[in-house]
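Step one of this worksheet: look at the structure below.
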Amino acid sequence: MDQPSPPTEPRESRATAVRNRLLRYKAPVLVALMAAFVLWAHVGSGVPVFRSDSPAEPGWERFRADYDIDHFGGDGQFARAVRNGYNLVHYTERHAPRFTRAAVGTAVTSCAGCHSVEDLAYSFVNSDRVDPKLGVRMSFEDRVRWCYANSLNGFVPTIYDPAVRDIRLLARAVARHLGLGEGARRDGA
């Protein structure tokens with residue numbers, strides 16, 4: 001005589017109960033983990049990627065005074081972006097290493113190796129024009145990206161990358177200080 005097998009229902013209900021218990025605590029545990037990561041990233045990590053502020057490099061205080069950057073607010077978002085732009089132009093290899101590559105015989109490792117901030121300001125007020133060599137319209141941002149790729153032998157950033165945006169804001173602040181309007185040229189013509 002065959003005896004019926006014992007019912008398997010209690011085992012399934014135990015597994016279901018354990019799964020339900022885990023699901024009940026899943027959301028609060030995930031929220032706590034995210035909150036812990038955010039606190040660590042902003043307060044305890046010390047990793048500069050997680051900070052919105054860039055350090056003041058040598059020469060920043062003089063530049064800030066010479067070009068009246070405090071006009072935009074001593075420590076406002078625009079002034080911090082201009083400071084980051086200053087760092088990117090003068091210390092590119094430190095603040096944007098992903099867009100520079102050292103090559104044998106290459107002496108230029110920063111934007112300031114070829115450009116002054118005044119050059120950038122004049123380029124900014126003359127941007128968004130058709131380049132006669134290329135036959136296409138080039139924005140200031142496109143020229144910065146081109147320079148990262150060609151002059152610094154680096155990778156091309158996206159147009160929205162802070163490494164492009166903050167150089168634009170630096171050029172804008174210098175152009176404002178120099179009183180440059182659209183189309184202004186160095187030779188005064």
Report task. Would you check if there is a donor-acceptor pair between the side chains of D161 and T158 at a distance under 3.5 Å? Result -> no
**Report entry** I69 and W60, any side-chain heavy atoms less than 4.5 Å apart
**Finding:** yes
Requested in this report: Sequence neighbours left out, what passes ring-ring contact (aromatic ring centres under 6.0 Å, His included) with H90? Give chain and number order.
Outcome: Y86
Requested in this report: In plain terms, say whether R83 and E57 are close enough for a salt bridge, that is, a side-chain N and a carboxylate O under 4.0 Å apart.
Outcome: no
Requested in this report: Mind listing the closest non-hydrogen atom pair of T92 and C111 along with its distance?
Outcome: OG1-N, 3.0 Å
Query - Beyond-backbone contact of N87 with R94, side-chain heavy atoms, under 4.5 angstrom - result: no
Query - Donor-acceptor contact present, side-chain D119 to main-chain S116, <3.5 Å - result: yes
Query raised in the report: Just wondering, more than 12 heavy atoms not from E61 lying within 6.0 Å of its CD?
Result: yes
Query raised in the report: How far apart are the closest heavy atoms of V82 and A173, and which atoms are they?
Result: CG2-CB, 4.1 Å
Query - ring-ring contact (aromatic ring centres under 6.0 Å, His included) partners for F155, two or more places apart - result: none
Taking only distance into account, with no hydrogens and no angle test, what donor-acceptor pairs under 3.5 Å do side-chain atoms of residues 122-130 form with protein atoms, sequence neighbours excluded?
from	atom 1	to	atom 2	distance (Å)
N126	ND2	Y122	O	2.9
N126	ND2	A184	O	2.6
S127	OG	F124	O	2.8

Query raised in the report: Any ion pair linking R143 and D131 (charged N to carboxylate O, less than 4.0 Å)?
Result: yes
Requested in this report: Tell me, with the steps shown, if L169 and F78 meet side chain to side chain contact (heavy atoms under 4.5 Å, CB included).
Outcome: CA-CA 8 Å; L169 293 175; F78 187 85; 3.4 Å; yes
Report task. Apply the test side chain to side chain contact (heavy atoms under 4.5 Å, CB included) to residues F99 and L152: give CA-CA distance (whole Å), side-chain angles for both, the deciding distance (0.1 Å), then the verdict. Result -> CA-CA 7 Å; F99 303 128; L152 296 175; over 6 Å; no
Requested in this report: Treating Ile, Leu, Val, Met, Phe, Trp and Tyr as nodes and any side-chain heavy-atom pair under 4.5 angstrom as an edge, say whether M138 and I159 lie in one connected cluster.
Outcome: no
Requested in this report: Determine, stepwise, if the pair L120 / V174 fulfils side chain to side chain contact (heavy atoms under 4.5 Å, CB included).
Outcome: CA-CA 8 Å; L120 293 173; V174 172; over 6 Å; no
Requested in this report: Of all the heavy-atom pairs spanning L88 and A163, show the shortest one and how long it is.
Outcome: CD1-CA, 3.5 Å
Query raised in the report: CZ/R137 to CG/D142 distance, rounded to the nearest 0.5 angstrom?
Result: 11.5 Å
Report task. Give the C-alpha distance, both sets of side-chain angles, the deciding distance and a yes or no for side chain to side chain contact (heavy atoms under 4.5 Å, CB included) between R176 and H71. Result -> CA-CA 10 Å; R176 181 221 152 255; H71 169 79; 3.3 Å; yes
Query raised in the report: Who else is in the cluster with W146 when I, L, V, M, F, W and Y are joined by side-chain contacts under 4.5 Å?
Result: none
**Report entry** Expected output: side-chain R145 to main-chain P157 donor-acceptor under 3.5 Å
**Finding:** yes
Query raised in the report: Taking atom NE2 of H95 and atom CZ of R98, what is their separation to the nearest 0.5 Å?
Result: 11.5 Å
Report summary line: Sorted by chain and residue number, the side chain to side chain contact (heavy atoms under 4.5 Å, CB included) partners of K26 (sequence neighbours excluded) come out as L23, L30
Report task. Measure the acute angle between the ring planes of F37 and W40, then classify it against the limits of 30° and 60° as parallel, tilted or perpendicular. Result -> tilted
Query - Residues forming a ring-ring contact (aromatic ring centres under 6.0 Å, His included) with H177, sequence neighbours excluded - result: Y67
